[in-house]
Undergrad: 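So that we are looking at the same thing, I have put the structure below in structure tokens.
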Amino acid sequence: MGGGGSQRALHRAREPRPGPCAIVRPLAASSVVDGFEDLTATDPPRFATHWSSTMTTTLSGPVRVRFAPSPTGNLHVGGARTAIYNELLVKSLGGAFILRIEDTDRERSDDAKTRQIIDAMHWLGISVDEGPFLQSERYARHSERAAELLSKGLAYRDFRSSEAIEEVRKRAHAEGVTLKSLAPEPTAEETERRLAAGDPSVVRFRMPEEEIVVHDLVRGDVSFPAEVHEDLVILRADGSPTYHLSVVCDDIDMAVDLVLRGEDHLSNTPKHIALFRALGATVPRFGHLPLILGADKKRLSKRTGATSVEEFQSQGILPQALYNYLVLLGWSPGDDREVMTKDEIVAAFTAARLGGSASVFDVDKLAWMNTQYMVNLSDDEFMPQAKTFLPAVGLAAEANSERMARALTLHRVRSANLVELAEQVGIYFSDEVEFDETLSRKYLRKDENLVSHLTELSRRFATSDFTVDALDGVLRALAEEVGVGAGALIHPTRMALSGSKSGPPLFDLVALMGSERTEARMAQYGEYLAALPPEAEG
RNA sequence: GGCCCUAUCGUCUAGUCUGGUCAGGACACCGCCCUUUCAAGGCGGCGACACGGGUUCGAAUCCCGUUGGGGCUACCA
């Protein structure tokens with residue numbers, strides 16, 4: 001089969017295409033193209049052996065794959081995972097990763113969403129080799145291909161309304177017979193007559209009456225019996241191409257040879273295979289990824305929690321953590337490794353280890369994964385990301401100070417995410433401290449002379465070096481002198497400075513707080529303690 | 001309803017193709033250790049082969065059925 005054969009377009013004839021993607025134009029909107037270069041990266045082609053889970057087929061590169069989201073919403077974590085696996089395939093096998101925005105439904109598509117999807121991919125560190133391409137810009141090409149199918153007799157005009165068809169379809173299902181047996185195609189005479197009369201019609205692709213087998217990379221062979229195929233609309237009454245036609249045309253023109261997408265498309269694949277064949281193209285290889293479920297085991301939805309990459313970003317999740325977590329949701333390296341660098345993931349990745357069953361999105365495990373990166377990321381990678389959350393808590397001006405760097409270092413290990421971290425470091429820059437009454441009373445019970453001890457401690461701090469060791473020495477010496485345990489002074493001091501019972505090691509806290517703030521807060525806390533109303537009995 | 005996918009601890013999974021290690025790891029949970037607190041970390045515990053039939057000396061693994069979950073069934077993508 002040739003790459004297109006002789007085509008007799010109805011309206012405008014196209015020049016012969018020089019290459020597979022030559023007619024594909026990049027995004028027109030410059031706002032979308034801007035900054036996109038960061039996303040693209042070229043890697044030298046590499047070869048690796050991939051084993052299918054059910055067959056001994058080897059998957060070898062290079063491959064041309066694509067990610068084709070529709071801009072009707074933000075980038076969903078399921079979509080993100082699909083994009084990641086596609087990228088991984090190219091990184092391990094060589095080839096090209098194409099981004100195509102499926103915006104043919106202009107009513108529901110939105111350029112801001114397109115921008116958002118690209119930003120989210122960029123943030124996650126997914127690099128694209130070609131695109132983004134806008135499917136809507138290829139309208140003419142899709143119409144042309146439909147006309148070609150029509151002229152070759154592989155598709156036909158259908159003058160029935162969708163309501164009328166729906167009626168027949170219901171009846172066919174009820175009687176357990178095929179749609180076509182109840183509603184045959186219009187005859188040539190009828191077509192001619194109604195066309196002449198100017199009756200509205202759609203163009204319907206005639207599905208072959210034969211079994212179609214999908215050789216699926218993750219599921220093995222999946223066959224669809226001849227009786228289940230129904231002819232599908234490829235051109236609407238207004239002449240616009242439908243999704244199935246557009247996808248296949250674009251995959252052909254972009255020379256996509258491996259389609260790795262969500263399981264929701266598995267049942268559509270026979271349609272696509274038939275279309276590839278009818279259009280004289282080589283059928284690509286397919287792989288269908290399972291869907292991601294919510295905690296309720298239903299398809300992940302907003303009801304169950306965050307679903308978009310953007311939401312996790314704003315929750316202060318690190319992109320490296322989300323990426324790593326998503327990779328592990330449906331794939332494993334085969335050994336016990338979980339926290340892995342992208343290089344390690346690329347090196348270990350094979351399509352054969354992709355799982356076929358749906359998995360539940362576990363926010364707890366994501367939180368754990370995030371902790372791993374909060375703790376272990378290098379300063380170079382961590383600090384810039386942490387700083388982006390500072391303006392939201394009013395610390396924009398302090399973001400690049402030495403004190404802030406120390407504060408972030410001290411607190412990153414005890415924050416679950418960047419939002420929490422930004423909130424925690426606020427204590428070093430604010431003058432508002434709120435004391436906990438219950439705990440304060442408890443401290444008072446442990447040491448009835450607490451107020452005078454704290455006053456003395458504050459006085460000694462004032463003449464001490466503000467180093468961890470010096471401060472430590474000062475406090476312990478005083479504790480010993482007055483005959484209390486160090487803890488009896490440590491905990492109230494922590495409360496005085498931070499308003500909390502927990503936090504970094506106390507002397508790190510004091511040293512970073514600085515003598516001025518330390519003195520002020522300890523004085524303030526002393527007053528607070530002295531003014532506490534007597535405890536109510538019972 | 002029809003067609004298709006899928007099924008190991010609560011969750012993510014290894015093991016299934018090439019039947020035979022107390023079914024391994026991780027999250028969560030519980031306990032202990034470390035420690036001025038909180039984290040992080042270390043150690044330990046709890047906890048699964050959906051069910052029913054086969055085949056076999058032997059089944060998580062192979063076969064059949066049942067049940068559960070999911071997807072598709074548009075002039076949406």
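Just so it is clear: chains get the letters A, B, ... in the order the sequence lines come, proteins before strands, and each one is counted from 1. Keep in mind that the numbers below use all heavy atoms, side chains included, and drop hydrogens, waters and symmetry copies.
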Undergrad: Students often get this wrong, so: under 4.0 angstrom with heavy atoms, is A:A486 touching a base, only sugar-phosphate, or nothing?
TA: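 Result for A:A486 = nothing.
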Undergrad: Given that both distances must come in under 3.5 Å, which nucleotide forms a Watson-Crick or G-U wobble pair with B:rU66?
TA: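 For B:rU66, the partner nucleotide comes out as B:rA50, under the 3.5 Å rule.
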Undergrad: Identify each atom pair where a protein N or O and an N or O of nucleotides 38-40 of chain B are less than 3.5 Å apart, giving names and distance.
TA:
from: B:rC38; atom 1: O2; to: A:R414; atom 2: NH1; distance (Å): 3.2
from: B:rC38; atom 1: O2; to: A:G503; atom 2: O; distance (Å): 3.4
from: B:rC38; atom 1: N3; to: A:R414; atom 2: NH1; distance (Å): 2.7
from: B:rA39; atom 1: O2'; to: A:V413; atom 2: O; distance (Å): 2.6

Undergrad: The side chain of A:D336 is closest to which nucleotide in this list: B:rG71, B:rU36, B:rG24?
TA: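 Closest nucleotide to the A:D336 side chain: B:rG24.
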Undergrad: Ion pair present between A:D216 and A:R285, side-chain N to carboxylate O less than 4.0 angstrom?
TA: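 No, this pair does not count.
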Undergrad: Residues in side-chain contact (heavy atoms from CB on, under 4.5 Å) with A:P186, at least two apart?
TA: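 With sequence neighbours excluded, A:P186 shows a side-chain contact (heavy atoms from CB on, under 4.5 Å) to A:Y156, A:E190, A:T191, given in chain and number order.
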Undergrad: Tell me which residues in residues 161-170 of chain A lie within less than 4.0 Å of RNA chain B, going by non-hydrogen atoms.
TA: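 The stretch gives A:S161, A:S162, A:R169 as the residues lying under 4.0 Å from the strand, ordered by number.
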Undergrad: If we take the C1' atom in both B:rA59 and B:rG2, what is their distance in whole Å?
TA: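 So the two C1' atoms sit 34 Å from each other.
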Undergrad: Taking the side chain as everything from C-beta on, heavy atoms only, tell me whether A:E209 gets closer than 4.5 Å to A:H229.
TA: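 A:E209 does not reach A:H229 side chain to side chain.
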Undergrad: Would the A:Y443 and A:H453 ring centres measure less than 6.0 Å apart?
TA: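 No: the rings miss the under 6.0 Å criterion.
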Undergrad: Return the pairing partner of B:rC3 with a 3.5 Å limit on both distances, Watson-Crick or G-U wobble; otherwise return none.
TA: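 Checking every strand shown, B:rC3 finds its partner in B:rG71, with both distances under 3.5 Å.
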Undergrad: Look through every strand shown and name the nucleotide pairing with B:rC29 as Watson-Crick or G-U wobble, where both distances are under 3.5 Å.
TA: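 The answer is B:rG45, by the H-bond criterion.
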Undergrad: Which nucleotide wins on minimum distance to the side chain of A:E263, given the candidates B:rU36, B:rC4, B:rG70?
TA: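 The listed nucleotide nearest to A:E263's side chain is B:rG70.
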Undergrad: Whole-Å distance between B:rG70 C1' and A:K297 NZ?
TA: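 Taking atom C1' of B:rG70 as the reference, NZ of A:K297 is at 11 Å.
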Undergrad: Give A:H265 one of three labels, base, sugar-phosphate or nothing, depending on what nucleic acid heavy atoms sit under 4.0 Å from its own.
TA: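 Counting heavy atoms under 4.0 Å across all strands, the contact made by A:H265 includes a base.
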Undergrad: Starting at atom CD1 of A:I490, determine the distance to atom C1' of B:rU35, rounded to an integer number of angstrom.
TA: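 Distance check: A:I490 CD1 to B:rU35 C1' gives 11 Å.
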Undergrad: Which nucleotide in the set B:rU36, B:rA77, B:rC75 lies at the smallest distance from any side-chain heavy atom of A:S70?
TA: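 So the side chain of A:S70 is nearest to B:rA77.
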Undergrad: Kindly write out the residues that satisfy side-chain contact (heavy atoms from CB on, under 4.5 Å) with A:D103, not counting sequence neighbours, or none if the list is empty.
TA: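 Result, side-chain contact (heavy atoms from CB on, under 4.5 Å) vs A:D103: A:P71, A:I101, A:R106, A:S109, A:L134, A:Q135, A:S136.
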Undergrad: Taking side-chain contact (heavy atoms from CB on, under 4.5 Å) as the definition, give me every residue that meets it alongside A:V339, ordered by chain and number, with sequence neighbours left out.
TA: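 By the side-chain contact (heavy atoms from CB on, under 4.5 Å) rule, A:V339 matches A:N324, A:W368, A:M369, A:Q372, A:Y373.
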Undergrad: According to a strict under-4.0 Å criterion, is A:R353 in side-chain N/O contact with OP1 or OP2 of B:rG15?
TA: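 Yes.
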Undergrad: Applying salt bridge (Lys or Arg N to Asp or Glu O under 4.0 Å), can you list everything that pairs with A:K170, at least two apart in sequence or on another chain?
TA: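 With sequence neighbours excluded, A:K170 shows a salt bridge (Lys or Arg N to Asp or Glu O under 4.0 Å) to no residue whatsoever.
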Undergrad: What is the distance, to the nearest angstrom, from the CG atom on A:D231 to the C1' atom on B:rC75?
TA: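 Roughly 14 Å, once rounded to whole Å.
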Undergrad: Return the value, rounded to whole Å, for the distance between atom CG of A:L293 and atom P of B:rG68.
TA: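 Value for this atom pair: 17 Å.
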Undergrad: Which residues satisfy the side-chain contact (heavy atoms from CB on, under 4.5 Å) test with A:S430, sequence neighbours excluded?
TA: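 For A:S430, the residues satisfying side-chain contact (heavy atoms from CB on, under 4.5 Å) (neighbours in sequence not counted) are A:E432.
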Undergrad: Looking at A:F133, does the NZ or CZ of A:R138 lie under 6.0 angstrom from its six-membered ring centre and within 45 degrees of the ring axis?
TA: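 Not satisfied by the 6.0 Å and 45° rule.
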Undergrad: Which nucleotide wins on minimum distance to the side chain of A:H491, given the candidates B:rU36, B:rA14, B:rA77?
TA: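 The answer is B:rU36, which lies nearest to the side chain.
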Undergrad: List the residues meeting side-chain hydrogen bond (donor to acceptor under 3.5 Å, both in side chains) with A:S301, not counting sequence neighbours, and say none if there are none.
TA: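 Per chain and number, A:S301 pairs via side-chain hydrogen bond (donor to acceptor under 3.5 Å, both in side chains) with no residue.
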Undergrad: With sequence neighbours left out, write down each residue that passes side-chain hydrogen bond (donor to acceptor under 3.5 Å, both in side chains) with A:K180, or none if nothing qualifies.
TA: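 Partners of A:K180 by the side-chain hydrogen bond (donor to acceptor under 3.5 Å, both in side chains) criterion, ordered by chain and then number, come out as A:E185, A:D231.
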Undergrad: Whole-Å distance between B:rG25 C1' and A:R337 CZ?
TA: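 Result: 13 Å.
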Undergrad: With sequence neighbours left out, what residues match A:S359 under side-chain hydrogen bond (donor to acceptor under 3.5 Å, both in side chains)?
TA: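 Partners of A:S359 by the side-chain hydrogen bond (donor to acceptor under 3.5 Å, both in side chains) criterion come out as none, since no residue qualifies.
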Undergrad: Assuming nearest nucleotide by heavy-atom distance, tell me which of A:A68 and A:E230 is located more 5' along RNA chain B.
TA: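 Per heavy-atom nearest nucleotide, the more 5' residue is A:E230.
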Undergrad: Where the side chain of A:E338 is defined as all heavy atoms beyond and including C-beta, which of B:rC75, B:rC72, B:rC12 is the nearest nucleotide?
TA: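 For A:E338, the side-chain atoms sit closest to B:rC12.
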Undergrad: Quick one: the side chain of A:R494 and the base of B:rU36, do they pair up donor-acceptor inside 3.5 Å?
TA: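 Yes, a donor-acceptor pair under 3.5 Å.
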Undergrad: Decide yes or no for A:L293 and A:K298: does some side-chain heavy atom of the first lie under 4.5 Å from some side-chain heavy atom of the second?
TA: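 They are not in contact (no side-chain heavy atoms under 4.5 Å apart), so the answer is no.
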Undergrad: To the nearest angstrom, how far is A:L300 atom CG from B:rC12 atom P?
TA: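 Interatomic distance, CG of A:L300 to P of B:rC12: 12 Å.
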Undergrad: Where the side chain of A:K298 is defined as all heavy atoms beyond and including C-beta, which of B:rG70, B:rG71, B:rU6 is the nearest nucleotide?
TA: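 Of the options given, the side chain of A:K298 lies nearest B:rG70.
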Undergrad: Can you sort out which residues in residues 322-332 of chain A have a heavy atom within less than 4.0 Å of RNA chain B? Ascending by number, please.
TA: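 Only A:L328, A:L329, A:G330, A:S332 qualify.
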Undergrad: Would you mind checking if A:R414 and A:E420 are paired as a salt bridge, meaning a charged N to carboxylate O distance below 4.0 Å?
TA: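 Not counted as a salt bridge, because no side-chain N and carboxylate O are separated by less than 4.0 Å.
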Undergrad: Using a 4.0 Å heavy-atom cut-off, does A:H244 contact any base of the nucleic acid, only the sugar-phosphate backbone, or nothing at all?
TA: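 If one applies the 4.0 Å heavy-atom cut-off, A:H244 turns out to touch a base.
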Undergrad: Among B:rU36, B:rC75, B:rU73, find the nucleotide with the atom closest to the side chain of A:N268.
TA: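 Nearest to the side chain of A:N268 among the choices is B:rU73.
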Undergrad: Does this structure show an ion pair linking A:R160 with A:D199, if we count only N-O contacts that are shorter than 4.0 Å?
TA: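 No, this pair does not count.
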Undergrad: With a non-hydrogen cut-off below 4.0 angstrom, is A:V202 in contact with a base, only sugar-phosphate, or nothing?
TA: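 A:V202: base contact, heavy atoms under 4.0 Å.
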Undergrad: Taking any heavy-atom pair under 4.0 Å as a contact, classify A:R160: base, sugar-phosphate, or nothing.
TA: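 Base contact.
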Undergrad: Which parts of residues 355-369 of chain A get close to RNA chain B, meaning a heavy atom less than 4.0 angstrom away?
TA: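 Within residues 355-369 of chain A, the residues near RNA chain B are A:G356, A:S357, A:S359, A:V360, A:D362, A:D364, A:K365, A:W368.
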Undergrad: Find the distance A:I273:CD1 to B:rC4:P and express it as a whole number of Å.
TA: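 Computing the A:I273:CD1 to B:rC4:P distance gives 15 Å.
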Undergrad: Check whether more than 12 heavy atoms from other residues, nucleotides or ligands sit under 6.0 Å from atom CD of A:E434, and answer yes or no.
TA: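 At most 12 heavy atoms, drawn from other residues, nucleotides or ligands, come within 6.0 Å of this atom.
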Undergrad: What nucleotide among B:rC72, B:rC5, B:rG25 has an atom nearest to a side-chain atom of A:D264?
TA: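 Nearest to the side-chain atoms of A:D264, counting from C-beta on, is B:rC72.
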Undergrad: Mind calculating the distance between CG (A:L232) and C1' (B:rC3) to the nearest angstrom?
TA: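 So the CG-C1' distance, A:L232 to B:rC3, works out to 16 Å.
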